[in-house]
Amino acid sequence: MENAEVVAMLGEIADLLELKEESPFKVRAYRRAAQVVDTLPVPVSELGQRGELGGLPGVGPHTAARIAQFLETGTCDELERLRGQVPSGVSELLRVEGVGPKTAALVWKELDITSVDALEEAARSGELIQLPRMGPKRAKAIASAVGRYRARLGRVPLHRALPYAEALVARLREIPGVTQALAAGSLRRRMETVGDVDLLVASTEPEKVVRAFPNLPGVASLLARGPTRSSVRLRTGLQVDLRVIPPESFGAALHYFTGSKAHNIALRTRAVRRGLKVSEYGVFDAKGRRVAGEREEDVFRAVGLPWIPPELREGLGELEAAEAGRLPELIEEEDMRGDLHVHSEASSDASSSLEELAAAARKLGRRYVAITDHSRSRPQGLDEARLRAHVRHIRRVDRGLHGRPHLLTGLEVDILADGALDLDEEVLAELDCVVASVHSRFNMDAEEMTERIVHALRSGVVHVLGHPSGRLIGSRDPYPFDLERVLEVAREEGVALEVNAQPERLDLTDQACRLAKEVGVKLMISSDAHNARHLENLRYGVWVARRGWVEARDVLNTLPLSEFRRRLRRARRVPGYTWTGEEAGLSP
DNA sequence: GCCGTTTTCGGCCCGACTGTTTTCAGTCG
């Protein structure tokens, strides 16, 4: 987890240098170094101890020294020097969408604005408009972006919290007397963002655990401590609450603190009707005798239900489904055989070679991987000629891999503003897997955007609609479009919808997955990896699908390769082939 | 700040989009 802290330190230096309007190349050097550390497969401290930091690409003597000092002391001179020159609220302005370094520096120097609050006030009062290149539209956009910034404050994306929670749980388990330790709360339900982390520990010696807790790695400060509970703040700002439970109540406490609130209320209501009382200490009968509590399964059994996976506990019909014996058999990460949206270094925003991607995919147990780089409209995207050369390269590398894994040819083709695809359909028809995505003109109205997507789905050469809503968690809202209409056309055309597993995207969302399943549209869960390390992110997509009640059979890339290929071929209207949804098995 | 077999200085990715402008600066990816 210290890698993430080093990444944050380098990023902050870059931000501050940018606000001081120093050389953009210096700024870029720090950003590049941050990116390299972020994708490092080993703890950066290991390299530090061996004096090998300078051997990393993009890390020269200066940056290596700053990282080394940071690892040793938790900060570095350069960072502190810069923090002394830029008021602390100014770099926060950069988190507001549409405000970059130039605008932040301008409002700071011209209007003495050093906080998001002051920025909002200036945007609303009209004060901002006095500035050069600042008109009413930009002022309005900034004011509304501040609203979105506030809405995401205090919540962190799952992938930022999970590694810390996992590391803390592992350390808690090492404390003598601890029999169980688990993360509960929204993190256990795998929600896309979490407010804080709730950790539960079973032990007969709570004092010992509570005393050890603030000394665990990553903890910055102790917020509160009682005999059986404690709260700390991590250096990243994340709050972590610990509760120590007697072993006989652990299952009940785990259920209670996992939530959700709606699920708990529904379960307690059900218990009351059966003359039982459910609390975090156990399930009790009318005479106050404990009838369950040690194991979570027993809590459910006491109220006449099978165990319900945490991802389903949102009060959205899971109790009724459990009662009727119709809980889905949720998809597992182990079901995933293929990854169908992966960028190689042929994309300007990606960095791994085909060989590196194949090696990483093999380690993760993937059987097949489609290489889907960007099309012409993206910076340095592939045109027809470069795509053909790229396809030959993919096939050459694939031959050397002997199926471990299989590399498929593909493309992430842009859906242009009018719904046309960014490359000639004849060329696209030669590829194994075509992902079609919207990357531009997000501000269309819903009707136009829906038509744009539908037109692309009707092309007959698209296998899957990539990141269908375009949202970025906490920073960009989904563009407006009619999901039900898109699902209807996808079903007619035999096109799958992607569950993009990039932790900032998670697109489709959980509830959209559930809708797709209900109307009989198949899904593909893909990493959208931009380097080999990102292939691991597939698990985030699997969790979203689980929250959407999705089973392995709803997801095409759980199929063995031969069957997967058959599905893709059938789902496409290539010359000489007449497609029907029924034959493809894609009807509801 | 980093890099390099065109190397110790001079270059470093770039195009789309937007809102502000009458030719372009700033942001984003």
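Just so it is clear: chains get the letters A, B, ... in the order the sequence lines come, proteins before strands, and each one is counted from 1.
When the P atom is compared between B/dT23 and B/dC28, the two are found 26 Å apart, to the nearest whole Å. One C1' atom belongs to B/dT8, the other to B/dC3, and the distance between them is 11 Å to the nearest Å. Remark: the separation of the C1' atoms in B/dT18 and B/dG11 is 30 Å, to the nearest Å. Here the separation of B/dT20 from B/dA25, taken at their P atoms, is 16 Å to the nearest Å. Spacing of C1' atoms, B/dC17 relative to B/dC12, comes out at 24 Å, to the nearest Å. The separation of B/dT6 from B/dG1, taken at their P atoms, amounts to 28 Å, rounded to a whole angstrom. A distance of about 24 Å separates the C1' atoms of B/dG29 and B/dT21, rounded to the whole Å.
Dashed line: the shortest gap from a side-chain N or O of A/N443 to OP1 or OP2 of B/dT18 is under 4.0 Å.
Using a 4.0 Å heavy-atom criterion, one finds that A/R66 contacts the sugar-phosphate atoms exclusively. Within the nucleic acid shown, A/R476 comes within 4.0 Å of sugar-phosphate atoms alone, with no base atom in reach, counting heavy atoms only. Residue contacts shown for A/L472 are limited to sugar-phosphate atoms, with no base heavy atom under 4.0 Å away.
Atom CG in A/L17 sits roughly 10 Å away from atom C1' in B/dG1 (whole-Å rounding). For the pair A/Q380 CD and B/dA16 P, the computed distance is 11 Å after rounding to whole Å. Distance A/R378 CZ to B/dC17 C1': 10 Å, rounded to the nearest Å. Rounded to whole Å, atom C1' of B/dA16 lies 15 Å from atom CZ of A/R376. Following rounding to the nearest Å, A/F442 (CZ) and B/dC17 (C1') show an atom-to-atom distance of 10 Å. Residue A/H530 contributes atom NE2, which lies 12 Å from atom P of B/dG29 at whole-angstrom precision. Summarising the geometry, the separation between CD on A/Q35 and P on B/dG29 is reported as 15 Å, rounded to the nearest angstrom. Distance, A/L131 CG to B/dG19 P: 18 Å, rounded to whole Å.
Neither side chain, A/Q502 nor A/Y540, offers a donor N or O lying under 3.5 Å from an acceptor on the other. A/T409 and A/D432 form a side-chain donor-acceptor contact under 3.5 Å, judged by distance and modelled atom types alone. In summary, the side chains of A/S352 and A/N531 do not present any donor paired with an acceptor at a separation below 3.5 Å, with no hydrogens or angles considered. Counting only N and O atoms by type, the side chains of A/S351 and A/E345 include no donor and acceptor under 3.5 Å apart. For the 3.5 Å distance criterion, the side chains of A/N537 and A/S527 fail to qualify, holding no donor opposite an acceptor. Side-chain N/O atoms of A/D528 and A/N500 include a donor and acceptor closer than 3.5 Å.
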Open item on the list: Each nucleotide in nucleotides 2-8 of chain B should get exactly one letter: B, S or -. Can you fill that in based on protein heavy atoms under 4.0 Å?
Closed with: SS-----
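DNA chain B is contacted by both A/Y30 and A/P136; A/Y30 maps to the nucleotide lying nearer its 5′ end (nearest heavy atom per residue). Residues A/S23 and A/K137 both approach DNA chain B. Their nearest nucleotides, taken by heavy-atom distance, put A/S23 toward the 5′ side.
Although no hydrogens or angles enter the test, the distance criterion places no donor-acceptor pair under 3.5 Å between the side chain of A/H343 and the main chain of A/H530. Under a 3.5 Å cut-off, the side chain of A/R476 and the backbone N or O of A/I473 do not form any donor-acceptor pair.
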Could you list, one pair per line, each protein nitrogen or oxygen that sits under 3.5 Å from a nitrogen or oxygen of nucleotides 23-27 of chain B, together with the distance?
from	atom 1	to	atom 2	distance (Å)
B/dC24	O2	A/R133	NH2	2.9
B/dA25	O4'	A/R133	NE	3.3
B/dG26	O3'	A/T103	OG1	3.3
B/dT27	OP1	A/G100	N	2.6
B/dT27	OP1	A/G100	O	3.1
B/dT27	OP1	A/T103	N	3.0
B/dT27	OP1	A/T103	OG1	2.5
B/dT27	OP2	A/K102	N	3.2

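When side chains are defined from C-beta on, A/L515 counts as touching A/E484, because their heavy atoms get closer than 4.5 Å.
Heavy atoms from other residues, nucleotides or ligands lying under 6.0 Å from CD of A/E355 number more than 12.
For B/dT8, there is no paired nucleotide, since no Watson-Crick or G-U wobble pair has both relevant distances below 3.5 Å.
Residues passing the ring pair (Phe, Tyr, Trp, His ring centres under 6.0 Å) test with A/H467 are A/H439, sequence neighbours excluded.
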